[in-house]
There are 2 protein chains.
Amino acid sequence: MKMYAEYQALVEHSLAPMLESLGYIPERLLEAMRYSLEAGGKRLRPVMLLAACEMAGGDAELALPFACAIEMIHTYSLIHDDLPAMDNDDLRRGKPTNHKVFGEDLAILAGDGLLNAAAELMARTAVEMADTRGIRALEIIMRHAGVTGMIAGQTRDVLSEGEKPREDLVSYIHAHKTADLLEAPMEAGLALAGADEHQIKAAHDYGLHLGLAFQMTDDLLDVIGDAALLGKNTGMDAALDKMTWVALKGVEGTEKDAAEQVGLAIAELDKLPYDTAFFRDLAQSMTSRKN
Amino acid sequence: MKMYAEYQALVEHSLAPMLESLGYIPERLLEAMRYSLEAGGKRLRPVMLLAACEMAGGDAELALPFACAIEMIHTYSLIHDDLPAMDNDDLRRGKPTNHKVFGEDLAILAGDGLLNAAAELMARTAVEMADTRGIRALEIIMRHAGVTGMIAGQTRDVLSEGEKPREDLVSYIHAHKTADLLEAPMEAGLALAGADEHQIKAAHDYGLHLGLAFQMTDDLLDVIGDAALLGKNTGMDAALDKMTWVALKGVEGTEKDAAEQVGLAIAELDKLPYDTAFFRDLAQSMTSRKN
(Lines give C-alpha, C1' and ligand atoms only; values in the text may rest on other atoms or scores of the structure.)
Protein backbone atom coordinates (compact mmCIF):
# COMPACT_ATOMS: atom_id res chain seq x y z
CA MET A 1 0.00 0.00 0.00
CA LYS A 2 0.99 3.59 -0.66
CA MET A 3 0.90 6.74 1.49
CA TYR A 4 -2.13 9.05 1.41
CA ALA A 5 -0.18 11.65 -0.59
CA GLU A 6 0.75 9.09 -3.24
CA TYR A 7 -2.85 8.04 -3.82
CA GLN A 8 -3.82 11.71 -3.82
CA ALA A 9 -1.23 12.53 -6.50
CA LEU A 10 -2.40 9.57 -8.60
CA VAL A 11 -5.96 10.90 -8.50
CA GLU A 12 -4.85 14.49 -9.10
CA HIS A 13 -3.04 13.51 -12.30
CA SER A 14 -5.82 11.28 -13.58
CA LEU A 15 -8.97 13.39 -13.24
CA ALA A 16 -8.66 15.56 -16.36
CA PRO A 17 -7.28 12.78 -18.63
CA MET A 18 -10.11 10.46 -17.55
CA LEU A 19 -12.68 13.13 -18.38
CA GLU A 20 -11.10 13.93 -21.73
CA SER A 21 -10.84 10.22 -22.61
CA LEU A 22 -14.62 10.25 -23.07
CA GLY A 23 -14.28 12.04 -26.41
CA TYR A 24 -14.86 15.54 -27.76
CA ILE A 25 -16.44 17.75 -25.10
CA PRO A 26 -17.38 21.38 -25.99
CA GLU A 27 -14.51 23.58 -24.75
CA ARG A 28 -16.49 25.79 -22.38
CA LEU A 29 -18.22 22.78 -20.78
CA LEU A 30 -14.90 20.98 -20.32
CA GLU A 31 -13.40 24.15 -18.87
CA ALA A 32 -16.25 24.52 -16.36
CA MET A 33 -16.01 20.87 -15.29
CA ARG A 34 -12.21 21.01 -14.98
CA TYR A 35 -12.38 24.28 -13.02
CA SER A 36 -14.17 22.61 -10.13
CA LEU A 37 -12.63 19.18 -10.56
CA GLU A 38 -9.12 20.62 -10.35
CA ALA A 39 -9.83 23.08 -7.54
CA GLY A 40 -7.97 20.82 -5.16
CA GLY A 41 -9.35 19.41 -1.98
CA LYS A 42 -8.11 16.40 -0.09
CA ARG A 43 -9.40 13.83 -2.61
CA LEU A 44 -10.60 11.88 0.42
CA ARG A 45 -13.16 9.73 -1.40
CA PRO A 46 -11.00 8.53 -4.31
CA VAL A 47 -8.01 8.00 -1.99
CA MET A 48 -10.21 5.82 0.22
CA LEU A 49 -11.35 3.81 -2.77
CA LEU A 50 -7.82 3.16 -4.03
CA ALA A 51 -6.50 2.34 -0.55
CA ALA A 52 -9.44 0.04 0.23
CA CYS A 53 -8.92 -1.81 -3.03
CA GLU A 54 -5.17 -2.29 -2.45
CA MET A 55 -5.69 -3.17 1.21
CA ALA A 56 -7.92 -6.05 0.10
CA GLY A 57 -5.38 -7.26 -2.47
CA GLY A 58 -6.86 -5.50 -5.51
CA ASP A 59 -5.20 -3.48 -8.26
CA ALA A 60 -5.24 0.32 -7.78
CA GLU A 61 -4.65 0.88 -11.50
CA LEU A 62 -7.86 -0.97 -12.31
CA ALA A 63 -9.71 0.92 -9.58
CA LEU A 64 -8.56 4.35 -10.81
CA PRO A 65 -11.57 5.10 -13.10
CA PHE A 66 -13.91 4.32 -10.19
CA ALA A 67 -11.85 6.57 -7.89
CA CYS A 68 -12.02 9.42 -10.40
CA ALA A 69 -15.75 8.80 -10.87
CA ILE A 70 -16.49 9.23 -7.18
CA GLU A 71 -14.54 12.50 -7.13
CA MET A 72 -16.56 13.66 -10.14
CA ILE A 73 -19.76 12.88 -8.23
CA HIS A 74 -18.51 14.72 -5.14
CA THR A 75 -17.55 17.70 -7.31
CA TYR A 76 -20.89 17.85 -9.13
CA SER A 77 -22.69 17.85 -5.78
CA LEU A 78 -20.59 20.84 -4.64
CA ILE A 79 -21.28 22.79 -7.86
CA HIS A 80 -25.04 22.29 -7.57
CA ASP A 81 -25.02 22.91 -3.77
CA ASP A 82 -23.33 26.27 -4.30
CA LEU A 83 -25.96 27.53 -6.80
CA PRO A 84 -27.98 30.62 -5.84
CA ALA A 85 -31.16 28.50 -5.56
CA MET A 86 -29.38 26.19 -3.10
CA ASP A 87 -26.72 27.42 -0.60
CA ASN A 88 -25.82 30.50 -2.69
CA ASP A 89 -22.09 30.31 -1.94
CA ASP A 90 -19.61 32.61 -3.67
CA LEU A 91 -16.46 30.92 -2.41
CA ARG A 92 -15.32 27.28 -2.45
CA ARG A 93 -11.82 26.07 -1.58
CA GLY A 94 -10.64 29.68 -1.68
CA LYS A 95 -11.86 30.28 -5.24
CA PRO A 96 -15.03 31.78 -6.72
CA THR A 97 -17.71 29.10 -7.09
CA ASN A 98 -18.44 27.59 -10.49
CA HIS A 99 -21.52 29.69 -11.29
CA LYS A 100 -19.67 32.88 -10.32
CA VAL A 101 -17.13 32.16 -13.07
CA PHE A 102 -19.17 30.37 -15.75
CA GLY A 103 -22.73 31.52 -15.06
CA GLU A 104 -25.60 29.52 -13.62
CA ASP A 105 -26.51 27.78 -16.88
CA LEU A 106 -23.04 26.36 -17.41
CA ALA A 107 -22.74 25.45 -13.72
CA ILE A 108 -25.93 23.40 -13.92
CA LEU A 109 -24.69 21.68 -17.09
CA ALA A 110 -21.18 21.13 -15.67
CA GLY A 111 -22.74 19.44 -12.64
CA ASP A 112 -25.00 17.27 -14.79
CA GLY A 113 -21.99 16.52 -16.98
CA LEU A 114 -19.79 15.38 -14.10
CA LEU A 115 -22.49 13.08 -12.71
CA ASN A 116 -23.11 11.57 -16.14
CA ALA A 117 -19.36 11.31 -16.87
CA ALA A 118 -18.85 9.39 -13.63
CA ALA A 119 -21.41 6.74 -14.61
CA GLU A 120 -20.12 6.63 -18.18
CA LEU A 121 -16.50 6.21 -17.15
CA MET A 122 -17.34 3.38 -14.76
CA ALA A 123 -19.59 1.72 -17.35
CA ARG A 124 -16.90 1.82 -20.02
CA THR A 125 -14.42 0.30 -17.58
CA ALA A 126 -16.92 -2.36 -16.47
CA VAL A 127 -17.56 -3.35 -20.12
CA GLU A 128 -13.82 -3.88 -20.57
CA MET A 129 -13.51 -6.01 -17.44
CA ALA A 130 -13.90 -9.75 -17.83
CA ASP A 131 -15.94 -10.27 -14.66
CA THR A 132 -18.72 -8.63 -12.61
CA ARG A 133 -16.54 -6.59 -10.22
CA GLY A 134 -16.87 -3.41 -12.28
CA ILE A 135 -20.64 -3.40 -12.51
CA ARG A 136 -20.87 -4.21 -8.79
CA ALA A 137 -18.69 -1.19 -7.95
CA LEU A 138 -20.69 1.03 -10.32
CA GLU A 139 -23.96 -0.07 -8.68
CA ILE A 140 -22.59 0.60 -5.19
CA ILE A 141 -21.40 4.09 -6.08
CA MET A 142 -24.56 5.18 -7.94
CA ARG A 143 -26.78 3.84 -5.14
CA HIS A 144 -24.91 5.79 -2.44
CA ALA A 145 -24.88 8.93 -4.58
CA GLY A 146 -28.57 8.73 -5.43
CA VAL A 147 -32.11 9.42 -4.29
CA THR A 148 -31.86 7.01 -1.33
CA GLY A 149 -28.35 8.28 -0.52
CA MET A 150 -26.54 11.57 -1.00
CA ILE A 151 -29.33 13.32 -2.92
CA ALA A 152 -31.83 12.22 -0.24
CA GLY A 153 -29.63 13.79 2.45
CA GLN A 154 -29.19 16.95 0.44
CA THR A 155 -32.95 17.22 -0.09
CA ARG A 156 -33.77 16.86 3.61
CA ASP A 157 -31.08 19.44 4.35
CA VAL A 158 -32.55 21.95 1.92
CA LEU A 159 -36.11 21.34 3.15
CA SER A 160 -35.22 21.65 6.83
CA GLU A 161 -33.76 25.15 6.77
CA GLY A 162 -35.49 27.17 9.46
CA GLU A 163 -36.80 24.06 11.24
CA LYS A 164 -35.75 23.40 14.83
CA PRO A 165 -32.88 20.84 14.87
CA ARG A 166 -34.01 17.33 15.87
CA GLU A 167 -31.53 14.53 16.46
CA ASP A 168 -33.25 12.04 14.13
CA LEU A 169 -33.30 14.55 11.30
CA VAL A 170 -29.72 15.74 11.74
CA SER A 171 -28.60 12.11 11.89
CA TYR A 172 -30.49 11.30 8.68
CA ILE A 173 -29.00 14.30 6.86
CA HIS A 174 -25.44 13.53 8.00
CA ALA A 175 -25.76 9.80 7.28
CA HIS A 176 -26.87 10.48 3.72
CA LYS A 177 -25.55 13.86 2.67
CA THR A 178 -22.05 13.05 3.95
CA ALA A 179 -21.53 9.47 5.10
CA ASP A 180 -23.01 7.78 2.01
CA LEU A 181 -20.18 9.10 -0.13
CA LEU A 182 -17.60 7.78 2.35
CA GLU A 183 -19.27 4.36 2.58
CA ALA A 184 -19.29 4.06 -1.22
CA PRO A 185 -15.50 4.13 -1.79
CA MET A 186 -14.91 1.60 1.01
CA GLU A 187 -17.49 -0.81 -0.39
CA ALA A 188 -16.57 -0.26 -4.03
CA GLY A 189 -12.83 -0.57 -3.33
CA LEU A 190 -13.41 -3.91 -1.63
CA ALA A 191 -15.83 -5.07 -4.35
CA LEU A 192 -13.20 -4.32 -7.00
CA ALA A 193 -10.74 -6.46 -5.01
CA GLY A 194 -13.29 -9.29 -4.99
CA ALA A 195 -14.07 -9.13 -1.25
CA ASP A 196 -17.12 -10.96 0.14
CA GLU A 197 -20.35 -9.42 1.45
CA HIS A 198 -19.33 -9.79 5.11
CA GLN A 199 -16.22 -7.70 4.53
CA ILE A 200 -18.13 -5.18 2.45
CA LYS A 201 -20.58 -4.75 5.34
CA ALA A 202 -17.76 -3.94 7.78
CA ALA A 203 -16.30 -1.50 5.23
CA HIS A 204 -19.71 0.15 4.94
CA ASP A 205 -19.98 0.55 8.72
CA TYR A 206 -16.46 2.02 8.89
CA GLY A 207 -17.48 4.55 6.22
CA LEU A 208 -20.65 5.44 8.10
CA HIS A 209 -18.88 6.18 11.39
CA LEU A 210 -16.05 7.98 9.61
CA GLY A 211 -18.62 10.04 7.74
CA LEU A 212 -20.46 11.04 10.90
CA ALA A 213 -17.16 12.04 12.56
CA PHE A 214 -16.25 13.96 9.40
CA GLN A 215 -19.53 15.88 9.32
CA MET A 216 -19.48 16.64 13.06
CA THR A 217 -15.98 18.07 12.58
CA ASP A 218 -17.24 20.05 9.59
CA ASP A 219 -20.01 21.52 11.72
CA LEU A 220 -17.42 22.41 14.39
CA LEU A 221 -15.11 24.06 11.85
CA ASP A 222 -17.96 26.24 10.64
CA VAL A 223 -18.20 27.59 14.19
CA ILE A 224 -14.62 27.56 15.52
CA GLY A 225 -12.59 27.14 12.30
CA ASP A 226 -10.35 29.57 10.42
CA ALA A 227 -11.93 30.83 7.17
CA ALA A 228 -8.49 31.27 5.59
CA LEU A 229 -7.51 27.63 6.27
CA LEU A 230 -10.97 26.40 5.24
CA GLY A 231 -11.03 28.37 1.98
CA LYS A 232 -14.67 29.25 2.60
CA ASN A 233 -16.69 31.54 4.82
CA THR A 234 -17.47 30.38 8.37
CA GLY A 235 -20.68 30.96 10.29
CA MET A 236 -22.70 30.01 7.21
CA ASP A 237 -24.60 27.17 8.89
CA ALA A 238 -25.93 29.41 11.65
CA ALA A 239 -26.76 32.14 9.12
CA LEU A 240 -28.81 29.63 7.11
CA ASP A 241 -30.29 27.93 10.20
CA LYS A 242 -28.74 24.66 9.04
CA MET A 243 -29.31 21.33 10.77
CA THR A 244 -25.94 20.85 12.44
CA TRP A 245 -24.68 18.66 15.24
CA VAL A 246 -23.37 21.76 17.01
CA ALA A 247 -26.85 23.32 17.00
CA LEU A 248 -28.04 20.13 18.70
CA LYS A 249 -25.21 19.27 21.11
CA GLY A 250 -23.02 22.36 21.41
CA VAL A 251 -19.27 22.49 20.72
CA GLU A 252 -18.13 20.20 23.53
CA GLY A 253 -20.91 17.68 23.01
CA THR A 254 -20.05 17.53 19.30
CA GLU A 255 -16.34 17.03 20.02
CA LYS A 256 -17.22 14.14 22.33
CA ASP A 257 -19.59 12.51 19.82
CA ALA A 258 -17.09 12.87 16.97
CA ALA A 259 -14.42 11.12 19.04
CA GLU A 260 -16.90 8.34 19.78
CA GLN A 261 -17.64 7.87 16.06
CA VAL A 262 -13.90 7.62 15.37
CA GLY A 263 -13.70 4.83 17.95
CA LEU A 264 -16.64 3.01 16.36
CA ALA A 265 -15.06 3.31 12.92
CA ILE A 266 -11.79 1.83 14.15
CA ALA A 267 -13.66 -1.04 15.86
CA GLU A 268 -15.10 -2.05 12.47
CA LEU A 269 -11.60 -2.49 11.06
CA ASP A 270 -11.01 -5.45 13.40
CA LYS A 271 -13.58 -7.37 11.34
CA LEU A 272 -11.40 -7.14 8.24
CA PRO A 273 -8.64 -9.72 7.58
CA TYR A 274 -6.24 -7.12 6.19
CA ASP A 275 -3.56 -4.71 7.40
CA THR A 276 -5.90 -1.83 8.27
CA ALA A 277 -3.29 0.67 9.56
CA PHE A 278 -4.06 3.11 6.73
CA PHE A 279 -7.70 3.39 7.72
CA ARG A 280 -6.94 3.45 11.45
CA ASP A 281 -4.69 6.49 10.86
CA LEU A 282 -7.29 8.07 8.60
CA ALA A 283 -10.01 7.76 11.24
CA GLN A 284 -7.73 9.19 13.91
CA SER A 285 -6.93 12.20 11.71
CA MET A 286 -10.62 13.05 11.20
CA THR A 287 -11.23 15.05 14.36
CA SER A 288 -7.94 16.98 14.26
CA ARG A 289 -8.30 18.34 10.72
CA LYS A 290 -8.29 22.11 10.13
CA ASN A 291 -9.98 22.05 6.71
CA MET B 1 -44.14 -7.21 -31.39
CA LYS B 2 -46.74 -4.95 -29.82
CA MET B 3 -48.40 -1.74 -30.98
CA TYR B 4 -46.94 1.66 -30.02
CA ALA B 5 -49.77 2.26 -27.52
CA GLU B 6 -49.10 -1.06 -25.78
CA TYR B 7 -45.43 -0.29 -25.25
CA GLN B 8 -46.41 3.20 -24.13
CA ALA B 9 -48.84 1.82 -21.54
CA LEU B 10 -46.21 -0.62 -20.28
CA VAL B 11 -43.80 2.28 -19.72
CA GLU B 12 -46.49 4.48 -18.21
CA HIS B 13 -47.33 1.88 -15.57
CA SER B 14 -43.72 1.07 -14.76
CA LEU B 15 -42.08 4.47 -14.24
CA ALA B 16 -43.19 5.21 -10.67
CA PRO B 17 -42.82 1.61 -9.40
CA MET B 18 -39.29 1.42 -10.87
CA LEU B 19 -38.35 4.66 -9.13
CA GLU B 20 -39.84 3.58 -5.82
CA SER B 21 -38.16 0.18 -6.05
CA LEU B 22 -34.86 1.95 -5.30
CA GLY B 23 -35.80 2.30 -1.61
CA TYR B 24 -36.93 5.08 0.70
CA ILE B 25 -36.88 8.43 -1.11
CA PRO B 26 -37.80 11.62 0.85
CA GLU B 27 -41.47 12.34 0.07
CA ARG B 28 -41.05 15.80 -1.42
CA LEU B 29 -38.18 14.66 -3.67
CA LEU B 30 -40.18 11.65 -4.88
CA GLU B 31 -43.18 13.92 -5.48
CA ALA B 32 -41.08 16.35 -7.56
CA MET B 33 -39.56 13.54 -9.62
CA ARG B 34 -42.93 11.85 -10.18
CA TYR B 35 -44.58 15.17 -11.11
CA SER B 36 -42.42 15.52 -14.22
CA LEU B 37 -42.00 11.79 -14.89
CA GLU B 38 -45.77 11.28 -14.98
CA ALA B 39 -46.59 14.47 -16.91
CA GLY B 40 -47.26 12.35 -19.96
CA GLY B 41 -45.59 12.79 -23.27
CA LYS B 42 -45.31 10.24 -26.04
CA ARG B 43 -42.74 8.06 -24.26
CA LEU B 44 -40.97 7.91 -27.62
CA ARG B 45 -37.55 6.91 -26.29
CA PRO B 46 -38.60 4.03 -24.01
CA VAL B 47 -41.09 2.76 -26.60
CA MET B 48 -38.27 2.70 -29.17
CA LEU B 49 -36.05 0.76 -26.77
CA LEU B 50 -38.69 -1.87 -26.04
CA ALA B 51 -39.69 -2.21 -29.69
CA ALA B 52 -36.06 -2.42 -30.87
CA CYS B 53 -35.34 -5.12 -28.31
CA GLU B 54 -38.38 -7.21 -29.29
CA MET B 55 -37.79 -6.65 -33.00
CA ALA B 56 -34.34 -8.21 -32.57
CA GLY B 57 -35.72 -11.18 -30.66
CA GLY B 58 -35.08 -9.87 -27.13
CA ASP B 59 -37.31 -9.82 -24.06
CA ALA B 60 -39.21 -6.56 -23.44
CA GLU B 61 -39.71 -7.44 -19.77
CA LEU B 62 -35.96 -7.59 -19.28
CA ALA B 63 -35.52 -4.34 -21.22
CA LEU B 64 -38.12 -2.44 -19.16
CA PRO B 65 -35.73 -0.98 -16.52
CA PHE B 66 -33.55 0.37 -19.34
CA ALA B 67 -36.61 1.83 -21.08
CA CYS B 68 -37.69 3.55 -17.85
CA ALA B 69 -34.13 4.75 -17.29
CA ILE B 70 -33.97 6.52 -20.63
CA GLU B 71 -37.31 8.24 -19.92
CA MET B 72 -35.90 9.36 -16.54
CA ILE B 73 -32.90 10.84 -18.35
CA HIS B 74 -35.12 12.60 -20.89
CA THR B 75 -37.27 13.96 -18.04
CA TYR B 76 -34.32 15.24 -15.99
CA SER B 77 -33.03 17.07 -19.06
CA LEU B 78 -36.40 18.81 -19.47
CA ILE B 79 -36.53 19.83 -15.78
CA HIS B 80 -33.06 21.37 -15.92
CA ASP B 81 -33.67 22.95 -19.38
CA ASP B 82 -36.76 24.71 -18.06
CA LEU B 83 -34.95 26.35 -15.11
CA PRO B 84 -34.80 30.17 -15.00
CA ALA B 85 -31.03 30.10 -15.61
CA MET B 86 -31.60 28.02 -18.76
CA ASP B 87 -34.69 28.40 -21.02
CA ASN B 88 -36.84 29.89 -18.22
CA ASP B 89 -40.02 28.08 -19.28
CA ASP B 90 -43.18 28.24 -17.16
CA LEU B 91 -45.15 25.64 -19.10
CA ARG B 92 -44.31 22.09 -20.18
CA ARG B 93 -46.78 19.57 -21.61
CA GLY B 94 -49.59 21.93 -20.59
CA LYS B 95 -48.57 22.02 -16.93
CA PRO B 96 -46.48 24.43 -14.85
CA THR B 97 -42.80 23.45 -15.03
CA ASN B 98 -41.17 21.62 -12.14
CA HIS B 99 -39.49 24.64 -10.55
CA LYS B 100 -42.75 26.61 -10.72
CA VAL B 101 -44.37 23.98 -8.49
CA PHE B 102 -41.52 22.78 -6.27
CA GLY B 103 -39.06 25.68 -6.32
CA GLU B 104 -35.71 25.88 -8.05
CA ASP B 105 -33.81 23.99 -5.37
CA LEU B 106 -36.07 20.94 -5.51
CA ALA B 107 -36.16 21.09 -9.32
CA ILE B 108 -32.36 20.94 -9.47
CA LEU B 109 -32.34 18.02 -7.01
CA ALA B 110 -35.20 16.22 -8.80
CA GLY B 111 -33.24 16.47 -12.05
CA ASP B 112 -30.05 15.21 -10.43
CA GLY B 113 -32.10 12.48 -8.78
CA LEU B 114 -33.66 11.25 -12.02
CA LEU B 115 -30.29 11.11 -13.79
CA ASN B 116 -28.75 9.21 -10.90
CA ALA B 117 -31.79 6.93 -10.56
CA ALA B 118 -31.53 6.01 -14.24
CA ALA B 119 -27.93 4.85 -13.86
CA GLU B 120 -28.70 3.10 -10.56
CA LEU B 121 -31.70 1.24 -11.96
CA MET B 122 -29.75 0.02 -14.97
CA ALA B 123 -26.77 -0.94 -12.79
CA ARG B 124 -28.94 -2.97 -10.42
CA THR B 125 -30.51 -4.77 -13.38
CA ALA B 126 -27.12 -5.38 -14.98
CA VAL B 127 -25.78 -6.89 -11.75
CA GLU B 128 -28.73 -9.32 -11.74
CA MET B 129 -28.17 -10.35 -15.37
CA ALA B 130 -25.93 -13.33 -16.02
CA ASP B 131 -24.15 -11.84 -19.05
CA THR B 132 -22.74 -8.53 -20.32
CA ARG B 133 -25.83 -7.26 -22.20
CA GLY B 134 -26.96 -5.08 -19.29
CA ILE B 135 -23.69 -3.27 -18.78
CA ARG B 136 -23.38 -2.75 -22.56
CA ALA B 137 -26.84 -1.13 -22.67
CA LEU B 138 -26.02 1.01 -19.61
CA GLU B 139 -22.79 2.20 -21.24
CA ILE B 140 -24.58 3.06 -24.50
CA ILE B 141 -27.27 5.08 -22.74
CA MET B 142 -24.94 7.01 -20.42
CA ARG B 143 -22.58 7.82 -23.32
CA HIS B 144 -25.36 9.24 -25.49
CA ALA B 145 -26.78 11.21 -22.55
CA GLY B 146 -23.44 12.64 -21.53
CA VAL B 147 -20.81 15.28 -22.15
CA THR B 148 -20.05 14.03 -25.67
CA GLY B 149 -23.77 13.55 -26.35
CA MET B 150 -26.94 15.20 -25.12
CA ILE B 151 -25.25 17.49 -22.57
CA ALA B 152 -22.75 18.59 -25.25
CA GLY B 153 -25.63 19.54 -27.55
CA GLN B 154 -27.44 21.35 -24.78
CA THR B 155 -24.28 23.29 -23.90
CA ARG B 156 -23.67 24.43 -27.47
CA ASP B 157 -27.34 25.41 -27.68
CA VAL B 158 -27.12 27.54 -24.52
CA LEU B 159 -23.85 29.14 -25.61
CA SER B 160 -25.04 29.98 -29.12
CA GLU B 161 -28.06 32.11 -28.19
CA GLY B 162 -27.77 35.40 -30.04
CA GLU B 163 -25.24 34.00 -32.53
CA LYS B 164 -26.10 33.96 -36.24
CA PRO B 165 -27.31 30.43 -37.21
CA ARG B 166 -24.65 28.41 -39.06
CA GLU B 167 -25.45 25.03 -40.59
CA ASP B 168 -22.52 23.19 -38.95
CA LEU B 169 -23.52 24.50 -35.52
CA VAL B 170 -27.26 23.80 -35.90
CA SER B 171 -26.41 20.30 -37.14
CA TYR B 172 -24.14 19.68 -34.15
CA ILE B 173 -26.78 20.89 -31.69
CA HIS B 174 -29.54 18.80 -33.26
CA ALA B 175 -27.36 15.70 -33.60
CA HIS B 176 -26.46 15.81 -29.92
CA LYS B 177 -29.22 17.63 -28.06
CA THR B 178 -31.94 15.57 -29.77
CA ALA B 179 -30.69 12.69 -31.93
CA ASP B 180 -28.32 11.20 -29.33
CA LEU B 181 -31.26 10.25 -27.12
CA LEU B 182 -33.02 8.59 -30.07
CA GLU B 183 -29.91 6.67 -31.13
CA ALA B 184 -29.44 5.37 -27.58
CA PRO B 185 -32.72 3.38 -27.31
CA MET B 186 -32.18 1.80 -30.75
CA GLU B 187 -28.65 0.71 -29.90
CA ALA B 188 -29.43 -0.31 -26.32
CA GLY B 189 -32.55 -2.24 -27.37
CA LEU B 190 -30.53 -4.22 -29.89
CA ALA B 191 -27.64 -4.72 -27.44
CA LEU B 192 -30.11 -6.17 -24.90
CA ALA B 193 -31.28 -8.59 -27.58
CA GLY B 194 -27.68 -9.63 -28.21
CA ALA B 195 -27.38 -8.05 -31.68
CA ASP B 196 -23.94 -7.63 -33.30
CA GLU B 197 -22.01 -4.39 -33.86
CA HIS B 198 -23.00 -4.17 -37.53
CA GLN B 199 -26.68 -4.17 -36.63
CA ILE B 200 -26.12 -1.74 -33.77
CA LYS B 201 -24.45 0.65 -36.24
CA ALA B 202 -27.48 0.59 -38.56
CA ALA B 203 -29.76 1.14 -35.55
CA HIS B 204 -27.61 4.13 -34.56
CA ASP B 205 -27.87 5.65 -38.03
CA TYR B 206 -31.64 5.14 -38.04
CA GLY B 207 -31.82 6.97 -34.70
CA LEU B 208 -29.67 9.81 -36.01
CA HIS B 209 -31.83 10.45 -39.09
CA LEU B 210 -35.03 10.02 -37.08
CA GLY B 211 -33.68 12.47 -34.51
CA LEU B 212 -32.86 15.09 -37.12
CA ALA B 213 -36.33 14.74 -38.69
CA PHE B 214 -37.83 14.97 -35.20
CA GLN B 215 -35.96 18.15 -34.32
CA MET B 216 -36.65 19.79 -37.69
CA THR B 217 -40.36 19.10 -37.10
CA ASP B 218 -40.00 20.52 -33.58
CA ASP B 219 -38.52 23.70 -35.01
CA LEU B 220 -41.40 23.89 -37.52
CA LEU B 221 -44.02 23.37 -34.80
CA ASP B 222 -42.55 26.25 -32.83
CA VAL B 223 -43.29 28.47 -35.83
CA ILE B 224 -46.46 27.02 -37.37
CA GLY B 225 -47.77 24.77 -34.56
CA ASP B 226 -50.75 25.12 -32.24
CA ALA B 227 -49.77 26.04 -28.67
CA ALA B 228 -52.84 24.22 -27.30
CA LEU B 229 -51.92 20.95 -29.02
CA LEU B 230 -48.24 21.37 -28.13
CA GLY B 231 -48.91 22.12 -24.46
CA LYS B 232 -46.26 24.84 -24.51
CA ASN B 233 -45.84 28.35 -25.85
CA THR B 234 -44.86 28.77 -29.51
CA GLY B 235 -42.50 31.37 -30.95
CA MET B 236 -40.05 30.72 -28.09
CA ASP B 237 -37.13 29.83 -30.37
CA ALA B 238 -37.31 33.10 -32.27
CA ALA B 239 -37.74 35.05 -29.03
CA LEU B 240 -34.58 33.43 -27.65
CA ASP B 241 -32.66 33.67 -30.97
CA LYS B 242 -32.31 29.89 -30.89
CA MET B 243 -30.30 27.92 -33.43
CA THR B 244 -33.11 26.31 -35.42
CA TRP B 245 -33.33 24.69 -38.82
CA VAL B 246 -36.15 27.07 -39.73
CA ALA B 247 -33.92 30.08 -39.02
CA LEU B 248 -31.44 28.53 -41.46
CA LYS B 249 -33.63 27.10 -44.22
CA GLY B 250 -37.08 28.64 -43.81
CA VAL B 251 -40.32 26.68 -43.40
CA GLU B 252 -40.37 25.02 -46.85
CA GLY B 253 -36.67 24.17 -46.82
CA THR B 254 -37.07 22.58 -43.38
CA GLU B 255 -40.09 20.53 -44.50
CA LYS B 256 -38.05 19.23 -47.46
CA ASP B 257 -35.02 18.39 -45.32
CA ALA B 258 -37.14 16.63 -42.69
CA ALA B 259 -38.73 14.43 -45.38
CA GLU B 260 -35.26 13.60 -46.67
CA GLN B 261 -34.10 12.54 -43.18
CA VAL B 262 -37.15 10.26 -42.86
CA GLY B 263 -36.11 8.61 -46.15
CA LEU B 264 -32.54 8.15 -44.90
CA ALA B 265 -33.82 6.63 -41.64
CA ILE B 266 -35.99 4.12 -43.50
CA ALA B 267 -33.10 3.19 -45.78
CA GLU B 268 -31.07 2.14 -42.72
CA LEU B 269 -33.77 -0.37 -41.77
CA ASP B 270 -32.97 -2.42 -44.88
CA LYS B 271 -29.63 -3.31 -43.26
CA LEU B 272 -31.40 -5.07 -40.39
CA PRO B 273 -32.45 -8.74 -40.72
CA TYR B 274 -35.72 -8.22 -38.83
CA ASP B 275 -39.32 -7.22 -39.50
CA THR B 276 -38.79 -3.45 -39.35
CA ALA B 277 -42.40 -2.34 -40.08
CA PHE B 278 -42.75 -0.75 -36.63
CA PHE B 279 -39.81 1.57 -37.21
CA ARG B 280 -40.79 2.30 -40.83
CA ASP B 281 -44.19 3.50 -39.58
CA LEU B 282 -42.57 5.45 -36.77
CA ALA B 283 -40.26 7.29 -39.20
CA GLN B 284 -43.15 8.08 -41.51
CA SER B 285 -45.16 9.53 -38.62
CA MET B 286 -42.35 11.93 -37.62
CA THR B 287 -43.07 14.76 -40.02
CA SER B 288 -46.87 14.68 -39.65
CA ARG B 289 -46.98 14.97 -35.86
CA LYS B 290 -48.79 17.89 -34.24
CA ASN B 291 -47.03 17.73 -30.86
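Only a predicted model underlies this, so the values are computations on that prediction, with no experimental measurement involved. Per chain, numbering begins at 1; letters A, B, ... match sequence-line order.
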Interface residue of largest heavy-atom contact number with chain A, from [options], under 4.5 Å:
options	result
His80(B), Arg124(B), Glu104(B)	His80(B)
Arg136(B), Met122(B), Gln154(B)	Gln154(B)
Met142(B), His99(B), Met33(B)	Met142(B)

Separation of Glu120(A) CD from Leu138(B) CG (nearest 0.5 Å):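 Spacing of CG (Leu138(B)) from CD (Glu120(A)) equals 10.5 Å.
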Between Leu83(A) and chain B, which part of the residue has a heavy atom less than 4.5 Å away: side chain, backbone, both or neither?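 Just the side chain, heavy atoms under 4.5 Å.
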Flag the pair Ile151(A) / Leu109(B) as yes when at least one side-chain heavy-atom distance between them is below 4.5 Å, and no otherwise.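 Ile151(A) reaches Leu109(B) side chain to side chain.
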Any idea which of Leu121(A), Ile73(A), Asp112(A), Leu114(A) has the most non-hydrogen atom pairs under 4.5 angstrom with chain B?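 Winner by heavy-atom pair count: Asp112(A).
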Looking at Gly23(A), Pro26(A), Ala119(A), Gly103(A), which makes the most heavy-atom pairs under 4.5 Å with chain B?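 Option with the top pair count is Pro26(A).
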What part of [X] is in contact with chain A, defined as an atom under 4.5 angstrom from a non-hydrogen atom: side chain, backbone, both or neither?
X	result
Met150(B)	neither
Arg143(B)	both
Leu106(B)	side chain
Thr132(B)	neither

